[in-house]
Asks: 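First the structure, which I've put down as C-alpha coordinates, then a few questions once you've had a look.
Values in this document were obtained by computation on a predicted structure and should not be read as measured data. Just so it is clear: chains get the letters A, B, ... in the order the sequence lines come, proteins before strands, and each one is counted from 1.
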Amino acid sequence: MPELPEVETIVRQCRPRLVGRRIAAFNSAWPRGCRPSVAHVRRNIVGRLVHAVSRRGKFIVLELDDGGHLLIHLRMSGRFEWLDGGNGRPRHVRAAWGLDDGNRLLFCDARKFGRITYTRDLAGATADLGPEPLERCFTAARLGHLLRHRRRQLKPLLLDQTVIAGLGNIYTDEALFRAGLHPLTRSDTLRPAQIRRLHQAIRSVLRLAIRNHGTTLDWIYPGGWMQRRLMVYGRTGEPCRRCRTAIVALRVGQRGTHICPKCQRRGEE
DNA sequence: TGAATTGTTATCGT
DNA sequence: AACGATAACAATTC
(Lines give C-alpha, C1' and ligand atoms only; values in the text may rest on other atoms or scores of the structure.)
Protein backbone atom coordinates (compact mmCIF):
# COMPACT_ATOMS: atom_id res chain seq x y z
CA MET A 1 0.00 0.00 0.00
CA PRO A 2 2.67 2.56 0.76
CA GLU A 3 3.75 3.99 -2.60
CA LEU A 4 6.14 6.81 -3.41
CA PRO A 5 4.18 9.61 -1.65
CA GLU A 6 3.59 7.57 1.51
CA VAL A 7 7.23 6.47 1.67
CA GLU A 8 8.38 10.04 1.06
CA THR A 9 6.15 11.22 3.91
CA ILE A 10 7.53 8.57 6.26
CA VAL A 11 11.10 9.50 5.30
CA ARG A 12 10.49 13.19 5.98
CA GLN A 13 8.90 12.40 9.32
CA CYS A 14 11.58 10.07 10.64
CA ARG A 15 14.58 11.96 9.20
CA PRO A 16 14.93 14.51 12.05
CA ARG A 17 14.74 11.77 14.64
CA LEU A 18 17.31 9.53 12.92
CA VAL A 19 19.97 11.73 11.31
CA GLY A 20 22.93 12.23 13.64
CA ARG A 21 21.83 9.43 15.96
CA ARG A 22 23.98 6.40 16.67
CA ILE A 23 22.38 2.96 16.43
CA ALA A 24 22.82 1.28 19.81
CA ALA A 25 20.90 -1.91 19.23
CA PHE A 26 19.02 -3.87 16.59
CA ASN A 27 16.75 -6.80 17.26
CA SER A 28 14.45 -8.94 15.19
CA ALA A 29 12.85 -12.32 15.70
CA TRP A 30 11.91 -12.49 12.04
CA PRO A 31 14.71 -14.15 10.05
CA ARG A 32 12.92 -14.00 6.71
CA GLY A 33 12.59 -10.23 6.86
CA CYS A 34 16.28 -9.39 7.33
CA ARG A 35 18.89 -9.82 4.64
CA PRO A 36 21.39 -11.27 4.53
CA SER A 37 20.46 -12.22 8.13
CA VAL A 38 19.49 -10.64 11.43
CA ALA A 39 23.00 -11.21 12.80
CA HIS A 40 24.63 -9.72 9.71
CA VAL A 41 22.43 -6.63 9.85
CA ARG A 42 23.04 -6.17 13.56
CA ARG A 43 26.80 -6.66 13.24
CA ASN A 44 27.03 -4.03 10.51
CA ILE A 45 24.71 -1.30 11.82
CA VAL A 46 25.14 -1.31 15.61
CA GLY A 47 27.60 1.42 16.59
CA ARG A 48 27.15 3.32 13.32
CA LEU A 49 25.90 6.91 12.97
CA VAL A 50 22.96 7.59 10.67
CA HIS A 51 24.28 10.13 8.17
CA ALA A 52 21.18 10.54 6.03
CA VAL A 53 17.68 9.22 5.45
CA SER A 54 16.34 9.21 1.93
CA ARG A 55 14.09 7.36 -0.50
CA ARG A 56 14.71 5.43 -3.71
CA GLY A 57 11.49 4.26 -5.34
CA LYS A 58 9.56 2.70 -2.49
CA PHE A 59 12.70 1.94 -0.46
CA ILE A 60 13.59 3.86 2.68
CA VAL A 61 17.37 4.32 2.64
CA LEU A 62 19.46 4.84 5.78
CA GLU A 63 23.00 5.96 4.98
CA LEU A 64 25.48 5.02 7.68
CA ASP A 65 28.74 6.76 8.56
CA ASP A 66 30.92 3.96 7.17
CA GLY A 67 29.26 4.07 3.74
CA GLY A 68 26.99 1.10 4.38
CA HIS A 69 23.26 1.39 3.69
CA LEU A 70 20.17 -0.07 5.26
CA LEU A 71 17.26 -0.45 2.84
CA ILE A 72 13.75 -0.89 4.20
CA HIS A 73 10.84 -1.86 1.96
CA LEU A 74 7.38 -1.65 3.54
CA ARG A 75 5.63 -3.69 0.84
CA MET A 76 1.93 -3.97 1.65
CA SER A 77 1.57 -3.47 5.36
CA GLY A 78 4.92 -2.35 6.78
CA ARG A 79 5.10 0.75 8.96
CA PHE A 80 7.40 2.64 11.27
CA GLU A 81 6.31 3.23 14.83
CA TRP A 82 8.17 5.18 17.50
CA LEU A 83 8.01 3.64 20.94
CA ASP A 84 6.83 6.74 22.77
CA GLY A 85 4.41 5.18 25.18
CA GLY A 86 1.86 7.44 23.51
CA ASN A 87 0.43 5.03 20.99
CA GLY A 88 -0.31 2.07 23.21
CA ARG A 89 1.20 -1.34 22.53
CA PRO A 90 2.22 -1.51 18.87
CA ARG A 91 1.12 -4.73 17.18
CA HIS A 92 3.03 -6.95 14.75
CA VAL A 93 6.47 -5.67 15.77
CA ARG A 94 9.03 -7.43 13.54
CA ALA A 95 12.21 -5.46 14.24
CA ALA A 96 13.43 -2.68 16.53
CA TRP A 97 16.26 -0.16 16.48
CA GLY A 98 17.57 1.29 19.74
CA LEU A 99 19.12 4.76 19.37
CA ASP A 100 21.74 6.51 21.48
CA ASP A 101 19.16 9.06 22.65
CA GLY A 102 17.09 6.30 24.23
CA ASN A 103 14.39 6.27 21.58
CA ARG A 104 13.29 3.07 19.89
CA LEU A 105 12.08 2.78 16.32
CA LEU A 106 9.87 -0.21 15.54
CA PHE A 107 9.22 -1.87 12.22
CA CYS A 108 5.69 -3.27 12.34
CA ASP A 109 4.31 -5.42 9.56
CA ALA A 110 1.11 -7.44 9.91
CA ARG A 111 1.65 -9.44 6.73
CA LYS A 112 5.41 -9.88 6.99
CA PHE A 113 5.94 -8.96 3.35
CA GLY A 114 8.40 -6.16 4.17
CA ARG A 115 12.17 -6.44 3.87
CA ILE A 116 15.17 -5.00 5.73
CA THR A 117 18.37 -5.27 3.72
CA TYR A 118 21.90 -4.23 4.62
CA THR A 119 24.26 -3.51 1.74
CA ARG A 120 27.68 -1.98 1.15
CA ASP A 121 26.75 -1.47 -2.49
CA LEU A 122 23.77 0.84 -2.72
CA ALA A 123 24.09 1.29 -6.47
CA GLY A 124 24.08 -2.45 -6.98
CA ALA A 125 21.16 -3.02 -4.65
CA THR A 126 19.02 -0.46 -6.51
CA ALA A 127 20.39 -1.08 -10.00
CA ASP A 128 17.18 -2.56 -11.36
CA LEU A 129 15.00 0.40 -10.39
CA GLY A 130 13.79 2.76 -13.08
CA PRO A 131 14.10 6.56 -12.89
CA GLU A 132 12.63 8.67 -10.11
CA PRO A 133 9.50 10.26 -11.58
CA LEU A 134 9.89 13.49 -9.61
CA GLU A 135 13.53 14.11 -10.50
CA ARG A 136 14.44 16.69 -13.12
CA CYS A 137 15.90 14.08 -15.45
CA PHE A 138 12.48 12.41 -15.75
CA THR A 139 11.33 14.40 -18.77
CA ALA A 140 8.45 13.79 -21.16
CA ALA A 141 11.04 12.70 -23.70
CA ARG A 142 12.45 10.15 -21.26
CA LEU A 143 8.96 8.81 -20.57
CA GLY A 144 8.29 8.70 -24.28
CA HIS A 145 11.37 6.56 -24.78
CA LEU A 146 10.31 4.18 -22.00
CA LEU A 147 6.85 3.84 -23.54
CA ARG A 148 7.77 3.57 -27.20
CA HIS A 149 10.56 1.12 -26.52
CA ARG A 150 8.06 -1.45 -25.26
CA ARG A 151 4.71 -2.85 -26.37
CA ARG A 152 2.90 -3.24 -23.12
CA GLN A 153 -0.39 -2.22 -21.61
CA LEU A 154 0.01 1.11 -19.85
CA LYS A 155 -1.08 -0.06 -16.41
CA PRO A 156 1.32 -3.00 -15.91
CA LEU A 157 4.08 -0.93 -17.46
CA LEU A 158 3.61 1.94 -15.00
CA LEU A 159 3.50 -0.54 -12.10
CA ASP A 160 6.81 -2.07 -13.20
CA GLN A 161 9.47 -0.70 -10.83
CA THR A 162 12.21 -1.37 -13.37
CA VAL A 163 10.52 1.08 -15.74
CA ILE A 164 9.61 3.87 -13.27
CA ALA A 165 10.36 3.65 -9.54
CA GLY A 166 7.65 4.38 -7.01
CA LEU A 167 4.24 4.07 -8.65
CA GLY A 168 1.80 1.54 -7.13
CA ASN A 169 -1.81 0.67 -7.80
CA ILE A 170 -3.37 3.87 -6.45
CA TYR A 171 -1.24 6.44 -8.26
CA THR A 172 -1.10 4.45 -11.49
CA ASP A 173 -4.91 4.54 -11.69
CA GLU A 174 -4.92 8.22 -10.71
CA ALA A 175 -2.26 9.19 -13.24
CA LEU A 176 -4.03 7.36 -16.07
CA PHE A 177 -7.30 9.09 -15.23
CA ARG A 178 -5.69 12.50 -15.11
CA ALA A 179 -4.05 11.80 -18.47
CA GLY A 180 -7.35 10.60 -19.96
CA LEU A 181 -5.81 7.27 -20.92
CA HIS A 182 -7.25 3.76 -20.72
CA PRO A 183 -5.09 1.30 -18.71
CA LEU A 184 -5.12 -1.28 -21.52
CA THR A 185 -3.74 1.12 -24.14
CA ARG A 186 -0.55 -0.16 -25.74
CA SER A 187 2.46 1.86 -24.66
CA ASP A 188 3.82 2.21 -28.22
CA THR A 189 0.64 3.76 -29.59
CA LEU A 190 0.65 7.04 -27.64
CA ARG A 191 0.99 10.25 -29.57
CA PRO A 192 3.34 12.99 -28.37
CA ALA A 193 0.53 15.01 -26.81
CA GLN A 194 -0.64 11.97 -24.87
CA ILE A 195 2.87 11.24 -23.64
CA ARG A 196 3.22 14.83 -22.43
CA ARG A 197 -0.14 14.58 -20.67
CA LEU A 198 0.80 11.30 -18.95
CA HIS A 199 4.16 12.74 -17.87
CA GLN A 200 2.45 15.77 -16.38
CA ALA A 201 -0.23 13.58 -14.74
CA ILE A 202 2.29 11.30 -13.05
CA ARG A 203 4.30 14.17 -11.63
CA SER A 204 1.39 16.32 -10.54
CA VAL A 205 -0.50 13.51 -8.83
CA LEU A 206 2.62 12.41 -6.94
CA ARG A 207 3.39 15.97 -5.84
CA LEU A 208 -0.22 16.51 -4.75
CA ALA A 209 -0.16 13.24 -2.80
CA ILE A 210 3.07 14.21 -1.03
CA ARG A 211 1.54 17.58 -0.10
CA ASN A 212 -1.37 15.58 1.35
CA HIS A 213 0.92 13.17 3.24
CA GLY A 214 -0.26 10.21 1.16
CA THR A 215 -3.48 8.20 1.08
CA THR A 216 -5.17 6.66 4.12
CA LEU A 217 -7.72 4.06 2.99
CA ASP A 218 -7.64 1.52 5.81
CA TRP A 219 -5.69 0.47 8.89
CA ILE A 220 -2.44 0.03 6.95
CA TYR A 221 -1.24 3.60 6.49
CA PRO A 222 -2.42 6.38 8.84
CA GLY A 223 -2.09 10.13 8.73
CA GLY A 224 -2.66 11.04 5.09
CA TRP A 225 -5.61 12.81 3.51
CA MET A 226 -4.97 12.29 -0.22
CA GLN A 227 -7.97 9.90 -0.24
CA ARG A 228 -10.18 13.00 -0.38
CA ARG A 229 -8.64 13.96 -3.70
CA LEU A 230 -8.64 10.56 -5.42
CA MET A 231 -10.53 10.66 -8.71
CA VAL A 232 -10.99 6.93 -9.43
CA TYR A 233 -9.16 4.62 -7.02
CA GLY A 234 -11.60 2.94 -4.63
CA ARG A 235 -14.52 4.96 -6.07
CA THR A 236 -16.29 2.12 -7.93
CA GLY A 237 -19.89 3.11 -8.69
CA GLU A 238 -19.40 6.67 -7.49
CA PRO A 239 -19.79 9.53 -9.98
CA CYS A 240 -16.73 10.74 -11.86
CA ARG A 241 -15.69 14.09 -10.42
CA ARG A 242 -15.31 15.41 -13.95
CA CYS A 243 -18.30 14.04 -15.90
CA ARG A 244 -20.54 12.29 -13.31
CA THR A 245 -20.31 8.91 -15.10
CA ALA A 246 -20.10 6.00 -12.66
CA ILE A 247 -16.54 4.81 -11.99
CA VAL A 248 -15.96 1.24 -13.19
CA ALA A 249 -13.71 -1.43 -11.65
CA LEU A 250 -11.87 -3.83 -13.91
CA ARG A 251 -9.12 -6.37 -13.63
CA VAL A 252 -5.79 -5.70 -15.33
CA GLY A 253 -3.10 -8.27 -14.72
CA GLN A 254 -4.74 -9.47 -11.48
CA ARG A 255 -4.87 -5.92 -10.21
CA GLY A 256 -7.95 -4.03 -9.20
CA THR A 257 -8.17 -1.14 -11.65
CA HIS A 258 -10.49 1.85 -11.62
CA ILE A 259 -11.47 4.03 -14.54
CA CYS A 260 -14.05 6.51 -15.74
CA PRO A 261 -15.32 4.81 -18.90
CA LYS A 262 -16.12 8.18 -20.46
CA CYS A 263 -12.97 10.13 -19.58
CA GLN A 264 -10.66 7.19 -20.38
CA ARG A 265 -11.60 5.84 -23.78
CA ARG A 266 -9.45 3.25 -25.48
CA GLY A 267 -7.75 3.97 -28.72
CA GLU A 268 -7.61 7.64 -29.51
CA GLU A 269 -7.72 10.90 -27.52
C1' DT B 1 -14.87 -18.92 5.45
C1' DG B 2 -12.72 -17.34 1.74
C1' DA B 3 -11.94 -13.32 -1.01
C1' DA B 4 -9.08 -9.42 -1.36
C1' DT B 5 -4.91 -7.20 -0.93
C1' DT B 6 0.54 -5.89 -3.32
C1' DG B 7 5.24 -6.00 -5.20
C1' DT B 8 8.44 -9.35 -6.60
C1' DT B 9 9.94 -13.42 -8.71
C1' DA B 10 9.57 -17.61 -11.18
C1' DT B 11 7.62 -19.65 -15.10
C1' DC B 12 5.34 -20.11 -19.50
C1' DG B 13 4.61 -18.74 -24.21
C1' DT B 14 5.60 -16.18 -28.36
C1' DA C 1 17.00 -14.79 -26.99
C1' DA C 2 14.30 -11.37 -25.37
C1' DC C 3 10.23 -9.74 -24.15
C1' DG C 4 5.52 -9.81 -22.37
C1' DA C 5 1.93 -12.03 -19.95
C1' DT C 6 0.64 -14.90 -16.13
C1' DA C 7 0.82 -17.49 -11.81
C1' DA C 8 2.53 -18.10 -7.34
C1' DC C 9 3.86 -16.31 -3.03
C1' DA C 10 4.36 -13.96 1.40
C1' DA C 11 0.23 -13.54 5.76
C1' DT C 12 -3.32 -11.07 7.48
C1' DT C 13 -7.94 -8.53 7.76
C1' DC C 14 -12.81 -8.19 7.27
Asks: Do the side chains of D188(A) and R151(A) get close enough for a salt bridge, i.e. N-O under 4.0 angstrom?
Replies: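 Between R151(A) and D188(A) there is a salt bridge, with a charged N closer than 4.0 Å to a carboxylate O.
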Asks: Minimum heavy-atom separation for L18(A) to V50(A), with atom names?
Replies: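 Scanning both residues, the minimum pair turns out to be O-CB, 3.3 Å.
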Asks: Ignoring the backbone of R152(A), work out which of dT5(B), dG4(C), dT8(B) is nearest its side chain.
Replies: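 The answer is dG4(C), which lies nearest to the side chain.
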Asks: Within the structure, does a side-chain N or O atom of R94(A) lie under 4.0 Å from either OP1 or OP2 of dA10(C)?
Replies: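 It does not, given that no N or O in the side chain of R94(A) lies less than 4.0 Å from OP1 or OP2 of dA10(C).
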Asks: Let me know, please, whether D128(A) or R251(A) comes out on the 5' side of the other along DNA chain B by nearest nucleotide.
Replies: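 Comparing both residues, the 5'-ward one is R251(A).
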Asks: As a test of reading the structure: which of dT8(B), dT5(B), dA5(C) is closest to the side chain of M76(A), going by heavy atoms?
Replies: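 The answer is dT5(B), which lies nearest to the side chain.
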Asks: Please confirm whether R17(A) makes a cation-pi placement over W82(A), using NZ or CZ under 6.0 Å from the six-membered ring centre and within 45° of the ring normal.
Replies: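 Checked: cation-pi criterion met.
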Asks: Let me know the distance between CZ of R151(A) and P of dT14(B), rounded to the nearest Å.
Replies: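 Atom-to-atom, R151(A) to dT14(B), this comes out as 16 Å.
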Asks: K155(A) and side-chain hydrogen bond (donor to acceptor under 3.5 Å, both in side chains): which single residue from T185(A), N169(A), T172(A), D160(A) fits?
Replies: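 Between K155(A) and the candidates, side-chain hydrogen bond (donor to acceptor under 3.5 Å, both in side chains) is satisfied uniquely by N169(A).
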Asks: Send over the distance from L167(A) CG to dT8(B) C1', rounded to a whole Å.
Replies: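 Going from CG in L167(A) over to C1' in dT8(B) covers 16 Å.
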Asks: For the side chain of Q161(A), starting at C-beta, report the closest nucleotide among dT8(B), dT12(C), dG4(C).
Replies: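 Output: dT8(B).
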Asks: Please report, rounded to the nearest Å, how far the C1' atom of dG4(C) is from the CZ atom of R186(A).
Replies: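 Rounded to the whole Å, the gap is 9 Å.
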Asks: Assess whether atom CZ of R207(A) is packed by more than 12 heavy atoms of other residues, nucleotides or ligands within 6.0 Å.
Replies: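 Above 12, so yes.
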Asks: Once you round it to whole Å, what is the distance between C1' of dA5(C) and CG of L159(A)?
Replies: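 The answer, rounded to whole Å, is 14 Å.
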Asks: Which part of the nucleic acid does Y233(A) contact within heavy-atom distance under 4.0 Å: base, sugar-phosphate only, or nothing?
Replies: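 Sugar-phosphate, backbone atoms only, no base.
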Asks: E3(A) has an atom CD; how far is it from atom P of dT5(B), in whole Å?
Replies: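 Value for this atom pair: 13 Å.
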Asks: Under 4.0 Å, counting only non-hydrogen atoms across every strand here, what does G256(A) touch: a base, just sugar-phosphate, or nothing?
Replies: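 It contacts nothing in the nucleic acid.
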Asks: On a plain distance test, is the side chain of R75(A) in donor-acceptor contact with the base of dT8(B) below 3.5 Å?
Replies: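 Per atom types, no contact qualifies.
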Asks: Without decimals, in angstroms, what is the distance between L184(A) CG and dA5(C) C1'?
Replies: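 In whole Å, dA5(C) C1' and L184(A) CG are 13 Å from each other.
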Asks: Quick one: H92(A) NE2 to dA10(C) P, roughly how many Å, whole number?
Replies: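 H92(A) atom NE2 is separated from dA10(C) atom P by 18 Å.
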Asks: Closer than 4.0 Å, any side-chain N/O of H73(A) to the OP1 or OP2 of dT8(B)?
Replies: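 True: H73(A) side-chain N/O within range (under 4.0 Å) of dT8(B) OP1/OP2.
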Asks: Nearest to the side chain of R91(A), heavy atoms from C-beta on, is which of dT13(C), dT6(B), dT5(B)?
Replies: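 Closest of the options to the side chain of R91(A): dT13(C).
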Asks: Which nucleotide wins on minimum distance to the side chain of R111(A), given the candidates dT8(B), dT13(C), dG4(C)?
Replies: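 That would be dT13(C).
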Asks: L157(A) has an atom CG; how far is it from atom P of dA5(C), in whole Å?
Replies: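 Taking atom P of dA5(C) as the reference, CG of L157(A) is at 9 Å.
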Asks: Just to be sure I understand the rule, does R115(A) reach a base, reach only the sugar-phosphate, or reach nothing, if contact means heavy atoms closer than 4.0 Å?
Replies: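 Nothing, no heavy atom under 4.0 Å.
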